[in-house]
Protein chains: 2
Amino acid sequence: MSNLSISEENYLKAIFHLYKPGEGIGTNAIARHLDTKPASVTEMLKKLADKKLLTYEKYQGVIPTRKGFTLALVVIRKHRLWEYFLVEKLKLKWDEVHEIAEQLEHIQSDLLVEQLDAFLGFPKLDPHGDPIPDKEGKMCAMNCCCVSEIKPNSNARIFGVKNHTSAFLKHLEKLNLTIGKTFTLVNRNDFDQSVELVLNKQTMHISKEVAENILVEKLK
Amino acid sequence: MSNLSISEENYLKAIFHLYKPGEGIGTNAIARHLDTKPASVTEMLKKLADKKLLTYEKYQGVIPTRKGFTLALVVIRKHRLWEYFLVEKLKLKWDEVHEIAEQLEHIQSDLLVEQLDAFLGFPKLDPHGDPIPDKEGKMCAMNCCCVSEIKPNSNARIFGVKNHTSAFLKHLEKLNLTIGKTFTLVNRNDFDQSVELVLNKQTMHISKEVAENILVEKLK
DNA sequence: ATTTTTTTTTAGGTGCGACTAAATTATATT
DNA sequence: AATATAATTTAGTCGCACCTAAAAAAAAAT
Ligand SMILES: [Mn+2]
Ligand SMILES: [Mn+2]
Ligand SMILES: [Mn+2]
Ligand SMILES: [Mn+2]
């Protein structure tokens with residue numbers, strides 16, 4: 001029964017999201033992700049290392065332990081379940097839920113989480129296409145890639161987003177690029193990496209930045 | 001847009017609950033209610049006075065301002081809406097929700113509260129019979145009193161409880177004394193203030209402590 | 001192999017919300 | 001009215017989570 005503070009939970013989650021097999025996670029990257037200062041991060045890393053949630057060696061970059069991964073997944077599970085609740089039950093828009101879930105994810109009660117999960121019908125994906133870990137921390141494998149990675153003349157269905165800011169999501173909504181929509185990638189412009197695609201027989205252009213933040217599954 | 005900390009919100013709520021017209025609220029009473037020390041209370045009272053949420057004069061006892069009342073009611077509204085949600089939607093027991101609502105009441109989002117209220121169908125009473133303030137802070141007038149205040153040979157319907165601890169609520173459940181049940185108060189024993197009542201044709205005895213914490217409406 | 005730049009850590013400090021112990025003020029008792 | 005008791009405030013600390021500025025180590029550039 002590891003009782004973590006809200007700050008500790010946010011650090012664990014950030015570290016989880018920044019983790020890539022093989023590489024240690026840098027102090028600066030964590031500070032950037034949490035909008036805080038590197039000096040503050042160093043302090044917290046020592047505390048989390050004391051609690052055996054990650055391995056810390058000066059200047060080496062940090063790697064979460066099994067326990068660290070597990071606890072991060074619990075927070076992520078709660079975040080995504082609450083987002084699902086807010087959109088499906090309370091009828092909030094997909095761009096309105098992230099900030100609220102950022103608070104709700106820290107509510108402490110195992111009973112609450114399990115009952116919420118059941119009430120929602122054990123959803124597998126959150127409103128942004130991200131998989132929701134189950135009670136054991138398992139989540140469905142994702143077979144998707146960025147729009148910026150698919151080839152011209154291929155069809156794709158929008159699966160999710162990588163950027164969760166309200167500004168980006170509202171922009172997508174305006175472009176009618178929401179989850180489930182299918183389109184054909186017609187062409188990629190070499191000089192600015194912008195992408196030309198056809199959606200509902202309408203041709204449209206999206207910037208490199210947008211293309212990098214939309215996740216799709218390829219269609220045959 | 002007064003942004004209060006969780007502590008400040010909990011103090012405001014405690015002060016609201018302890019308030020009685022005419023009298024100032026003592027430092028000790030607040031400390032007892034929040035399970036903290038008088039010295040800590042004094043400090044917080046000064047801070048809340050700076051924010052114009054109450055009037056504070058050394059040694060005089062404290063009185064909430066209009067603004068203090070209003071903000072306390074917002075927190076109480078959230079607490080009771082979440083309790084209703086937990087019982088009616090997530091199927092938690094009435095003795096399991098208080099601690100969780102104590103956390104949820106601090107989630108900051110006006111949109112969330114209003115949508116939750118609508119989703120629940122604008123409930124008027126929480127699972128313990130307490131009135132839920134509406135968006136404007138208004139709540140239905142309560143016409144009820146303690147079992148310890150009603151006279152022998154009168155009929156009453158259980159309306160709510162004054163004590164919200166899990167221990168007390170579980171006890172009531174065991175005695176089958178839950179909201180909506182009606183009974184006849186047969187007799188009060190003078191020497192220990194215990195009460196004899198008839199519920200479903202069964203005679204039972206309840207202690208003074210229990211009688212003081214059950215709220216009823218009198219039936220003709 | 002130096003030098004420069006970047007990353008990370010250390011040192012020292014702040015605000016918040018708690019605490020204990022001691023002083024002060026108010027209230028009750030004699 | 002003087003004294004004892006209770007309530008409240010003050011003074012001084014502490015842990016947490018942040019900060020800035022400076023030092024140290026690692027990585028990159030010359
Ligand atoms: Mn968070
Ligand atoms: Mn999401
Ligand atoms: Mn609370
Ligand atoms: Mn209640």
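Every chain is numbered from 1 and lettered A, B, ... according to where its sequence line falls, protein lines coming before strand lines.
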(message) Could you tell me how far apart B:L4 (CG) and C:dC16 (C1') are, to the nearest whole angstrom?
(response) 14 Å
(request) For residues A:K89 and A:Y84, determine if any side-chain heavy atom of one lies less than 4.5 Å from a side-chain heavy atom of the other. (result) no
(message) Quick check on D:dT10: is either OP1 or OP2 less than 4.0 Å from any side-chain nitrogen or oxygen of B:K58?
(response) yes
(request) Looking at every strand, decide which applies to B:T27 at a 4.0 Å heavy-atom threshold: base, sugar-phosphate, or nothing. (result) sugar-phosphate
(message) Ignoring hydrogens and geometry beyond distance, is a side-chain donor-acceptor pair present between B:N189 and B:H205 at under 3.5 Å?
(response) no
(message) Which is more 5' along DNA chain D, the nucleotide nearest A:Q60 or the one nearest B:I25? Just name the residue.
(response) B:I25
(request) Would you mind telling me which of C:dT9, D:dC18, D:dT9 lies closest to the side-chain atoms of B:Y56? (result) D:dT9
(message) I'd like to check B:L53 versus B:L12 (side-chain heavy atoms, cut-off strictly below 4.5 Å). Are they in contact?
(response) yes
(message) Does B:S7 reach a base, just sugar-phosphate, or nothing at all? Heavy atoms under 4.0 Å.
(response) sugar-phosphate
(request) Report the distance from atom CE of B:M44 to atom P of D:dT8, rounded to the nearest whole Å. (result) 17 Å
(request) Could you tell me the separation between the CG atom of B:L45 and the C1' atom of D:dA7, rounded to a whole number of Å? (result) 13 Å
(request) Going by the side chain to side chain contact (heavy atoms under 4.5 Å, CB included) test, name the single residue among A:V216, A:I179, A:L125 that passes it with A:F159. (result) A:L125
(request) Write down the distance between CG (B:L34) and C1' (C:dC19), rounded to a whole number of angstrom. (result) 15 Å
(message) Output the rounded distance in Å from CG (B:D35) to P (C:dA18).
(response) 11 Å
(request) Select one nucleotide: of D:dT9, D:dG12, C:dT20, the one nearest the side-chain heavy atoms of B:K37. (result) C:dT20
(request) Provide, to the nearest angstrom, the distance between the CZ atom belonging to B:R32 and the P atom belonging to D:dT8. (result) 9 Å
(message) Between B:Y11 and B:F16 (judged by ring centroids, cut-off 6.0 Å), do the two rings come close enough to count as a pair?
(response) no
(request) Using atom CD of B:E8 as one end and atom P of C:dG15 as the other, report the distance to the nearest whole Å. (result) 15 Å
(message) Please report the distance, rounded to the nearest Å, between CD1 in A:I6 and P in D:dG15.
(response) 21 Å
(message) So for A:E43 and D:dC16, does any side-chain atom that can act as donor or acceptor lie under 3.5 Å from a complementary atom in the base?
(response) no
(request) Identify which nucleotide among C:dA18, C:dT9, D:dC19 has an atom closest to any side-chain atom of A:Y59, counting heavy atoms from C-beta outward. (result) C:dT9
(message) Counting only side-chain heavy atoms from C-beta out, which of C:dA18, D:dT8, C:dT20 sits nearest to B:N28?
(response) D:dT8
(message) Mind checking if B:T42 touches a base, just sugar-phosphate, or nothing, with heavy atoms under 4.0 Å?
(response) base
